[in-house]
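Each ligand, and each atom within it, is numbered from 1 in the order the structure gives.
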Amino acid sequence: MSRILVVEDEPIIRGEIHRLLARHGHDVSEAGSVAEVAREGDLDAFDLVITDLRLPGALGTDLIERAGATPVLVMTSYATVKSAVEAMKMGAADYVAKPFNHDELLMLVDRLLAQGRLRRQVAALRSDVERSFPVSGMIGRSPGMQDVFARITKVAPTDATVLIRGESGTGKELVARAIHECSPRCDAPIVAVNCAAIPEGLIESELFGHEKGAFTGAAGTHTGLVEAAAGGTLFLDEIGELPAAAQARLLRALQEGEVRRVGATRTRRIDVRVIAATHRDLPQMVQAGQFRQDLYFRLRVVDILLPPLRDRGEDIDDLAQHLLEQAMRRLGKSGLSFTAPSLTAIHDYHWPGNVRELDNAIERAVILCDTGRITPELLALDEPGTFPVEGTSPSDDASREPDESAVRPGGETLEDYFRRFVLEHQDGMSETELARRLGISRKALWERRARLGIPRSRPA
Ligand SMILES: Nc1ncnc2c1ncn2[C@@H]1O[C@H](COP(=O)(O)OP(=O)(O)OP(=O)(O)O)[C@@H](O)[C@H]1O
């Protein structure tokens with residue numbers, strides 16, 4: 001049922017319209033003038049306002065602004081059709097000339113109500129998208145992801161070089177594409193290069209191109225990927241794997257804005273924005289002499305750090321639902337949902353492979369599911385501790401998701417190890433880091449603390 005306000009000073013006409021609309025299932029209110037409308041309160045509460053143009057006191061068009069998003073249909077006599085057109089210019093949704101027949105009015109009302117519903121749906125969708133990010137399918141309400149989105153928004157319109165860091169599968173490529181899509185370069189290509197996938201001997205010529213005869217096998221000239229991205233964005237994934245010679249060439253290209261093909265004598269100007277990503281600890285690689293410090297500084301003009309999935313709190317529910325819907329669409333299925341135990345399993349698992357692992361687990365479950373209910377068995381999450389969490393030393397790996405009964409080398413049970421680790425490190429680490437180092441979720445850390453009676457240290 002739609003709520004409609006009829007503003008008309010002629011009681012007979014007003015009553016007739018009221019009865020007509022009420023017969024068609026609408027909830028109708030009446031007013032005889034603009035002044036009387038004030039009694040009806042907020043016009044947002046109505047789905048449609050139908051008003052006569054000429055009213056005692058003020059014109060019906062005075063209601064247009066007050067109605068805000070609610071459409072206003074203006075009624076006018078033949079003699080004033082010109083002023084009805086004026087009303088349209090002022091923002092009226094439509095007008096109807098008096099005398100009108102019932103069908104004509106009903107058709108108009110139905111159309112305006114349908115348009116209003118559509119507008120509300122679009123507004124709801126837009127706010128949904130804004131809640132995540134205005135780039136297709138990027139989910140994240142957690143503070144860490146909101147920070148990432150804020151950075152994308154700030155950096156996208158500029159030409160600044162961006163370094164995206166984060167564990168495998170945290171969405172680094174998605175962020176790079178989001179920056180490109182929101183940048184003035186969005187109509188030009190984004191060229192994505194996985195530096196780890198190109199054999200070391202070929203990487204320079206792949207990136208920068210080569211001249212005929214530059215090396216054995218260089219039968220013709222070859223345009224490099226940097227040049228192929230001209231006008232657009234070059235996304236260098238796994239930048240930590242770039243060999244030293246290519247690092248030097250890339251640094252020159254970034255500093256000078258020019259590239260020199262392998263075997264060429266002259267340089268070419270390039271207009272490319274560079275975004276790089278890595279799951280490696282680049283500062284540590286710089287210290288170990290494996291990555292050029294000057295290139296590192298040149299790349300990280302803006303730094304974006306993607307939090308691991310296990311640190312994104314409730315985002316995991318939104319993501320699981322989003323990825324389930326995507327997988328159903330891809331695989332032509334519908335109506336599948338998670339059981340409560342599978343949602344708990346998703347929450348408790350530590351997701352070493354992050355969003356990609358979640359996506360794969362859900363896809364597998366959707367393929368295998370015959371009952372409409374996604375159970376933990378269908379998700380088939382790896383035994384906790386099978387894979388180490390990135391950024392921890394191999395000796396830490398044994399501590400992932402402790403099986404309390406297991407005895408570690410040296411006779412210490414995992415329970416003892418857990419207690420000792422927490423007590424030793426809790427003053428110097430946040431709960432998030434503590435949980436991450438132990439390879440468990442923050443919720444699991446909290447539960448295990450409670451079970452083992454380990455107090456949290458008081459803040460100083
Ligand atoms: N915030 C997110 N919302 C929705 N989907 C996401 C999000 N983050 C990642 N994904 C999805 O997870 C998968 C992995 O993302 P992506 O390839 O961007 O990760 P990555 O960090 O670049 O991985 P790698 O380090 O292995 O290259 C993709 O399918 C991507 O669409």
Honestly, for L319 the part within reach of ligand 1 (heavy atoms, under 4.0 Å) is side chain
Residues forming a salt bridge (Lys or Arg N to Asp or Glu O under 4.0 Å) with R249, sequence neighbours excluded:
E204
With backbone taken as N, CA, C and O and side chain as the heavy atoms from C-beta onward, which portion of D359 lies under 4.0 Å from ligand 1: side chain, backbone, both, or neither?
side chain
Pick whichever of A277, G171, A176, G169 has a heavy atom sitting closest to atom 23 (O) of ligand 1.
G169
Can we say R252 and E258 salt-bridge, meaning some charged N sits less than 4.0 Å from an Asp/Glu carboxylate O?
no
Any nitrogen or oxygen of L174, side chain or backbone, less than 3.5 Å from one on ligand 1?
yes
Polar atom proximity, T170 to ligand 1 (N or O, under 3.5 Å)
yes
If you measure from CZ on R364 to SG on C369, what distance do you get to the nearest 0.5 Å?
13.5 Å
Check each atom of ligand 1 against the heavy atoms of I139 and keep those under 4.0 Å away; list them by number with element.
1 (N), 2 (C), 3 (N), 4 (C)
Are the charged groups of R310 and E167 less than 4.0 angstrom apart, N to O?
yes
Should the pair R3 and F46 be classed as cation-pi, given the thresholds of under 6.0 Å to the six-membered ring centre and 45° from the axis?
yes
Is it the side chain (CB and beyond), the backbone, both or neither of D237 that lies under 4.0 Å from ligand 1, heavy atoms counted?
side chain
Where the closest heavy atom to atom 25 (O) of ligand 1 is concerned, which of K172, R177, M145, H279 has it?
K172
Considering only heavy atoms of M138, which atoms of ligand 1 have at least one such atom less than 4.0 Å away?
3 (N)
Residue-ligand contact G140/ligand 1, heavy atom below 4.0 Å:
no
Does R356 reach ligand 1 with a nitrogen or oxygen that is under 3.5 Å from one of the ligand's nitrogen or oxygen atoms?
yes
Going by the rule salt bridge (Lys or Arg N to Asp or Glu O under 4.0 Å), which residues pair with D271 if we only count those two or more places apart in sequence or in a different chain?
R185
Do any nitrogen or oxygen atoms of V355 lie less than 3.5 angstrom from nitrogen or oxygen atoms of ligand 1?
no
Before accepting this row, confirm whether a basic side-chain N of the pair E256/R269 lies closer than 4.0 Å to the acidic partner's carboxylate O.
no
Pair H210, S205: side-chain N/O donor-acceptor within cut-off below 3.5 Å
no
